[in-house]
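Comments concern the structure below.
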Amino acid sequence: MTTPQKISGSTPRAGDSPRPKSHFIRDIILRDIESNKNGGRVHTRFPPEPNGYLHYGHAKSIHLNFGLAKEFGGKFNLRFDDTNPLKEEMEYIESIIEDVRWLGADWEDRLFYASDYFEQLYAWAVQLIQAGKAYVCDLTADQVREYRGTLSQPGRESPFRGRGVEENLALFERMRAGDFPDGSRTLRAKIDMASPNLNMRDPILYRILHAEHPRSGNKWCIYPTYDYTHGQSDSIEGITHSICTLEFEDHRPLYDWFIEQLGIHHPQQIEFDRLNLTYTLLSKRKLLQLVRDGHVRGWDDPRMPTLKGARRRGYTSEAFREFCSRIGVSKTNGVIELALLEHCVREDLNKRALRVMAVLRPLRVVIENYPEDLVEEMEAVNNPEDANAGTRKVPFSRVLYIERDDFREDPPKGFYRLSPGREVRLRYAYMMTCRDVIKDASGNIVELRCTYDPETRGGNAPDGRKVKSTIHWVSAPHALEAEARLYDTLFTKEDPNEVQEGEDFTINLNPNSLEIVERCKIEPCLAGAAAGSLYQFERLGYFCVDPDSKPGKLVFNRTATLRDTWAKIERKQKGQGGSKGLRYCT
RNA sequence: UGGGGCGUCGUCCAGUGGUAGGACACAAGCCUUUGGAGCUUGGUACCUAGGUUCGAAUCCUAGCGCCCCAGCCA
């Protein structure tokens with residue numbers, strides 16, 4: 001008889017066969033396949049504008065689009081919607097390609113650019129003019145706005161709306177030829193100036209922009225707007241399901257209008273909620289501002305919610321994929337707690353990161369009864385979660401460094417690490433008792449004098465006595481020095497946009513988002529660790545080697561802290577509450 | 001204000017007429033040579049008010065609240 005299984009439609013637990021999480025978009029596709037819409041084809045795409053670096057929110061979209069194509073044996077395209085030469089750069093194109101690949105999405109040979117469709121888009125515009133559905137308008141930008149009306153009042157028709165087909169054709173051709181200055185004319189669709197949907201009030205299809213495009217160079221001086229480009233680009237590529245975020249829901253009638261007027265393949269647009277994360281800003285414009293104004297060290301600063309930043313910080317793409325499938329997809333405007341992302345990161349790192357001992361803030365310890373010249377090799381487990389990771393030897397000697405936080409001269413209640421007269425276990429080594437505290441002239445603790453029990457090699461006492469605490473250590477003569485960069489949230493508020501009248505979101509920047517700790521002491525086995533390598537510093541957190549590392553001086557980024565029960569108790573004792581408010585640095 | 005969208009534990013997501021479930025977070029406990037990991041247990045969540053029904057988170061009606069739209073940005 002088999003054990004009854006728990007039935008649940010949600011995320012499978014680790015070890016279960018990965019079952020895609022159900023959501024409304026997936027349901028729509030399932031129905032479309034069943035009804036043989038599009039001949040049962042599933043073809044999605046990720047359509048970024050190359051005007052910035054990809055952030056966590058894009059990861060959600062990529063995961064959704066690629067995941068759907070993959071699940072249903074369909075195709076996934078990467079297409080750049082590069083319709084605004086004023087904001088776009090090759091640098092962004094290159095970085096986006098890297099990031100999408102890093103996340104594991106595969107577009108095979110289908111890397112496209114809306115700019116490659118400019119000629120077709122132009123021909124379609126001519127077709128619309130010929131059908132009397134588009135006209136050249138001489139109104140200025142300000143006038144266009146005035147004529148558009150407001151949310152509650154209908155707009156007025158442009159005086160140029162009645163231009164004849166031939167005149168429109170000639171004018172549009174001259175726009176392309178460069179006969180007119182920027183902003184002097186536009187090509188507009190002739191739809192309905194009284195529509196309650198502002199997108200239908202004769203939207204602009206083409207604007208004059210004498211600007212060099214990162215890909216088409218100076219071939220064009222008129223550029224199609226996003227609204228005129230996006231839907232048709234999807235159509236050209238045979239996209240079946242055009243998945244986008246909620247704010248484009250209002251635009252769908254317009255995209256449908258273009259498709260119908262042109263009589264071309266009709267992709268189905270489906271809108272979902274964009275990602276919002278606590279303590280995090282996911283707006284390209286604001287992220288750009290943080291970089292430009294020097295609030296962070298660059299797009300790949302580990303505090304940035306960019307994919308580049310995440311990677312440098314040590315977040316894995318596996319963790320991201322898990323995160324994306326756990327948050328689900330819906331149309332609710334929600335905010336995901338950062339804790340969930342961190343959980344996914346820890347979950348992945350716990351399985352893969354090699355354990356190592358490192359002391360961030362060293363306190364010198366001399367073991368008085370340990371022979372001066374003796375060095376022992378202690379065997380340490382590389383990863384208790386992975387038997388295949390094996391073991392390593394860690395040198396042990398008379399002088400060690402331990403973490404300053406692991407000693408309290410006057411231990412508070414509940415603190416059971418080292419203190420005068422107390423015995424603790426040195427991980428993988430011996431039991432050790434603190435005998436004396438050495439201070440400098442100003443009363444700072446500079447050294448601990450301790451004794452060890454030679455009978456406890458490996459960590460267990462033959463007499464069976466127990467010790468409350470196990471602490472990490474590094475042998476002083478063998479230690480390597482390193483720099484550690486400890487990160488906290490970039491903003492102090494769950495919602496960084498919550499500001500008072502007249503204030504800017506930068507007021508919420510966390511002054512303690514980066515703490516640099518120099519002269520950390522680390523195990524010798526770390527010598528030569530490659531940039532990007534992931535480790536767990538036992539009892540401290542996950543760390544990864546930063547590319548700033550130089551031979552002889554490693555730099556580590558703290559990817560995530562470990563759960564710190566003692567810190568939580570202590571915060572509670574200080575009456576700060578366990579969960580709310582700003583988190584902590586170390 | 002016109003239009004579009006959305007309201008289920010603290011948070012996110014399921015449940016689409018038949019005992020409201022999962023994850024994260026939180027709390028308590030177990031275990032532990034990482035105060036890690038793991039394991040166990042816990043909690044008055046269906047926006048409100050009417051209605052239909054034997055039975056409503058699901059259907060109907062009326063409210064209320066939140067988000068988006070007035071770029072020649074995407």
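OP1 or OP2 of B:C26 sits under 4.0 Å from a side-chain N or O of A:Lys568. An OP1 or OP2 oxygen of B:U1 is reached within less than 4.0 angstrom by no side-chain nitrogen or oxygen of A:Thr150. Between A:Arg326 and B:C12 there is no side-chain polar atom (N or O) within less than 4.0 angstrom of OP1 or OP2. Neither OP1 nor OP2 of B:C13 sits under 4.0 Å from any side-chain N or O of A:Ser22. Taking 4.0 angstrom as the limit, A:His472 places none of its side-chain polar atoms (N or O) nearer than this to OP1 or OP2 of B:U34.
B:G65 is paired with B:C6 under the criterion used here, namely a Watson-Crick or G-U wobble arrangement in which both key atom distances are under 3.5 Å.
If you measure from atom CG of A:Asn276 to atom P of B:C66, you get 17 Å, rounded to the nearest angstrom. Here B:G5 presents its P atom at 13 Å from CG of A:Asn199, a figure rounded to the nearest Å.
A donor-acceptor contact under 3.5 Å is not formed by the side chain of A:Arg145 with the base of B:G71. Side-chain atoms of A:Glu385 and base atoms of B:G36 include a donor and an acceptor less than 3.5 Å apart. No hydrogens or angles were tested; on distance alone, nothing pairs the side chain of A:Asn197 with the base of B:G4 as donor and acceptor under 3.5 Å.
Each of B:G2, B:C72, B:G35 was ranked by its minimum atom distance to the side chain of A:Arg207; first place goes to B:C72. Distances were taken from every side-chain heavy atom of A:Glu337 (C-beta onward) to each of B:U11, B:C26, B:G3; the shortest belongs to B:U11. For A:His251, the side-chain atoms get nearest to B:A74 when compared with the rest of B:G35, B:A27, B:A74. Between B:U34, B:A27, B:C72, one nucleotide has an atom nearer to the side chain of A:Arg148 than all others, and that is B:C72. Comparing B:C73, B:U1, B:G5 against the side chain of A:Ser152 picks out B:U1 as the nearest.
Spacing between B:C12 and B:C69 at atom C1', rounded to whole Å, works out to 26 Å. One C1' atom belongs to B:U40, the other to B:A45, and the distance between them is 24 Å to the nearest Å.
A:Gly541 comes within contact range of no nucleotide atom at all, as no heavy-atom separation falls under 4.0 Å. Counting non-hydrogen atoms under 4.0 angstrom, A:Leu151 reaches a base of the nucleic acid.
Looking at heavy atoms from C-beta onward, A:Leu340 lies in side-chain contact with A:Phe323 at the 4.5 angstrom threshold.
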